[in-house]
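These notes concern the structure reproduced below.
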Amino acid sequence: MTGLIESARIKSWTDTPSRPAWTPPPGAVDAHVHVFGPEALFPFSPKAKYLPQDATPEMLFALRDSLGFARNVIVQASCHGTDNAATLDGIARSNGTARGVAVVDPAISDAELARLHAGGIRGVRFNFLKRLVDHAPKDAFLALAQRIAPLGWHVVVYFEADLLTELTPFLAAIPTVVVVDHLGRPDIGQGPGGADISAFVALLDAQPHVWAKVSGADRLSVTGAPYDDFVAVVRPVVERFPDRVLWGTDWPHPNMENNIPDDGALVDVVPRIAVSAQLQQKLLVANPDRLYWLDA
């Protein structure tokens, strides 16, 4: 019966990703991945908007090794709600090669924050995608951001481009580093001079504490692999803000079951958006080191 239940759940990744043609630098970090379950040990939230098959730490680390990366940042998946047990388990199983970003109730205790820190958590994620969360209280999020700043943590924010203007005062008020997932999901079809990416670049210019996660080629591209339209829009961002960018595969690609990407092809986008060895080193090693392994 368990096998039947598992097979009915959503699968959004390929079991046979290609090996990238390009080799990441030593110590490279895939700074945006998730784990799902295993559900028998870490049940999904009753509020989850999607119910995936298990995507375990062992699967993640095997993929990481195949792609040529050394470390991961495990971001709490929305299907697990505010129970970070699966993320903490993934970090614990990594032998020091993973850190994490949690999703928490804003009323979390200081003792629980300390426990998460000891478990390798170095940030919290605020999700404003209405299709994934029912409530996103900005005032409570801001109060939480003020509490985590002394821990050296940062904030990861996920939103779509049409919310940027509304969220700008909130982002400006956060007293620690802010990392915007997938560049705030601009309309890549507008091109490198488009309104969405121009507004996001203006935010980065105005707010030096805001960083960009230059990931999501498979989600944002209009033309699809090899993601030429994504490269045209994102390369100028990497070159303009080389010390404030991160990258990740987004494995196991939540909600991408109808457009499952090849992780090897995603990795081969990296040298096209970060065209020099120096830019690649910053994007994949130096920048994530500053946020996740500064105390290592």
Side-chain angles (χ1 to χ4, degrees), residues 12-13 29-34 49-50 72-79 101 103 123-133 136 154-168 170-171 177-192 194-204 207 210-225 227-238 240-241 244-263 265-267 269-270 272-274 283-284 287-288 291:
S12 52
W13 63 93
V29 180
D30 181 345
H32 191 92
V33 297
H34 313 280
K49 304 295 186 182
Y50 62 95
N72 296 111
V73 177
I74 302 175
V75 178
Q76 171 79 350
S78 63
C79 60
V101 174
V103 174
V124 294
R125 193 187 201 199
F126 300 151
N127 193 335
F128 289 92
L129 263 63
K130 294 180 181 179
R131 61 181 171 80
L132 295 179
V133 296
H154 64 286
V155 168
V156 175
V157 184
Y158 193 23
F159 60 85
E160 295 182 319
D162 61 350
L163 286 180
L164 178 56
T165 299
E166 174 191 333
L167 290 177
T168 293
F170 165 75
L171 300 173
V177 169
V178 177
V179 178
V180 178
D181 277 344
H182 311 321
L183 302 111
R185 295 187 64 105
D187 179 354
I188 293 295
Q190 297 173 352
D196 286 358
I197 196 64
S198 295
F200 185 66
V201 167
L203 171 74
L204 296 177
Q207 303 294 337
V210 177
W211 294 30
K213 204 173 285 179
V214 292
S215 52
D218 52 314
R219 294 184 183 275
L220 301 179
S221 173
V222 177
T223 59
Y227 310 116
D228 294 340
D229 55 344
F230 180 87
V231 170
V233 170
V234 175
R235 176 178 167 178
V237 176
V238 174
R240 185 166 180 152
F241 305 102
R244 292 155 58 193
V245 287
L246 302 171
W247 182 89
T249 57
D250 195 25
W251 187 90
H253 313 291
N255 298 300
M256 292 294 287
E257 62 272 11
N258 295 320
N259 186 27
I260 296 174
D262 172 9
D263 297 281
L266 292 176
V267 173
V269 172
V270 174
R272 299 171 63 208
I273 61 173
L283 177 64
L284 297 181
N287 294 349
L291 288 188

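The first residue of the sequence shown is numbered 1, and numbering continues consecutively from there.
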Q.
What I want to find out is whether Arg185 reaches Asp196 closely enough, with some N-O distance under 4.0 Å, to be called a salt bridge.
A. no
Q.
Distance check, rounded to the nearest 0.5 Å: Asp228 atom CG versus Ile188 atom CD1?
A. 12.0 Å
**Q.** Candidate pair Arg244 and Val179, rule side chain to side chain contact (heavy atoms under 4.5 Å, CB included), full reasoning
**A.** CA-CA 9 Å; Arg244 292 155 58 193; Val179 178; over 6 Å; no
Q) So do Leu283 and Val270 actually touch side chain to side chain, heavy atoms under 4.5 Å? A) yes
Q) What heavy-atom pair brings Pro186 and Ala161 nearest, and what distance separates the two atoms? A) CA-CB, 4.1 Å
Q) Do side-chain atoms of Asn72 reach the backbone of Ile74 as a donor and acceptor pair under 3.5 angstrom? A) no
Q) When you look at Gln207 and Leu171, which way does the side chain to side chain contact (heavy atoms under 4.5 Å, CB included) test go after all the steps? A) CA-CA 8 Å; Gln207 303 294 337; Leu171 300 173; 6.0 Å; no
Q.
Minimum heavy-atom separation for Ala232 and Pro192, please, with both atom names.
A. O-CB, 3.5 Å
Q. Minimum heavy-atom separation for Pro261 to Tyr227, with atom names?
A. CB-OH, 4.1 Å
Q) Going through the checks in order, is the side chain to side chain contact (heavy atoms under 4.5 Å, CB included) test met by Val238 and Trp247? A) CA-CA 10 Å; Val238 174; Trp247 182 89; over 6 Å; no
Q | Check: His32 side chain, Asp250 main-chain N or O, donor-acceptor pair, under 3.5 Å | A | no
Q. What's the verdict on side chain to side chain contact (heavy atoms under 4.5 Å, CB included) for Leu246 and Leu291, showing C-alpha distance, side-chain angles and the deciding distance?
A. CA-CA 10 Å; Leu246 302 171; Leu291 288 188; 3.9 Å; yes
**Q.** Heavy-atom pair of closest approach, residues Arg235 and Arg272
**A.** CD-O, 3.7 Å
(Q) Which label fits Phe170 and Phe126: parallel for a plane angle under 30°, tilted from 30 to 60°, or perpendicular past 60°? (A) tilted
Q.
Nearest 0.5 Å, please: how far is CG in Leu164 from CG in Leu183?
A. 11.5 Å
Q) What are the two closest heavy atoms between Lys213 and Asp181, and how far apart are they? A) NZ-OD1, 2.9 Å
Q) Without hydrogens or angle criteria, can the side chains of Thr223 and Asp229 be said to hold a donor-acceptor pair below 3.5 Å? A) yes
**Q.** Arg219 side, atom CZ; Leu266 side, atom CG - distance, nearest 0.5 Å
**A.** 10.5 Å
(Q) Could you tell me if Thr249 and Asp263 have a donor-acceptor pair between their side chains, going purely by distance under 3.5 Å? (A) no
Q. Can you tell me how far the CG atom of Asn258 sits from the CD1 atom of Ile260, to the nearest 0.5 Å?
A. 8.0 Å
**Q.** CD1 on Ile273 to CZ on Phe230, rounded to 0.5 Å
**A.** 5.5 Å
Q | Point-to-point distance, once rounded to the nearest 0.5 Å, from CG of Asp218 to CE of Met256 | A | 4.0 Å
Q | Smallest separation among heavy atoms of His182 and Leu220, with atom names | A | O-CD1, 3.6 Å
Q | Non-hydrogen side-chain atoms of Val124 and Gln76 separated by less than 4.5 Å | A | no
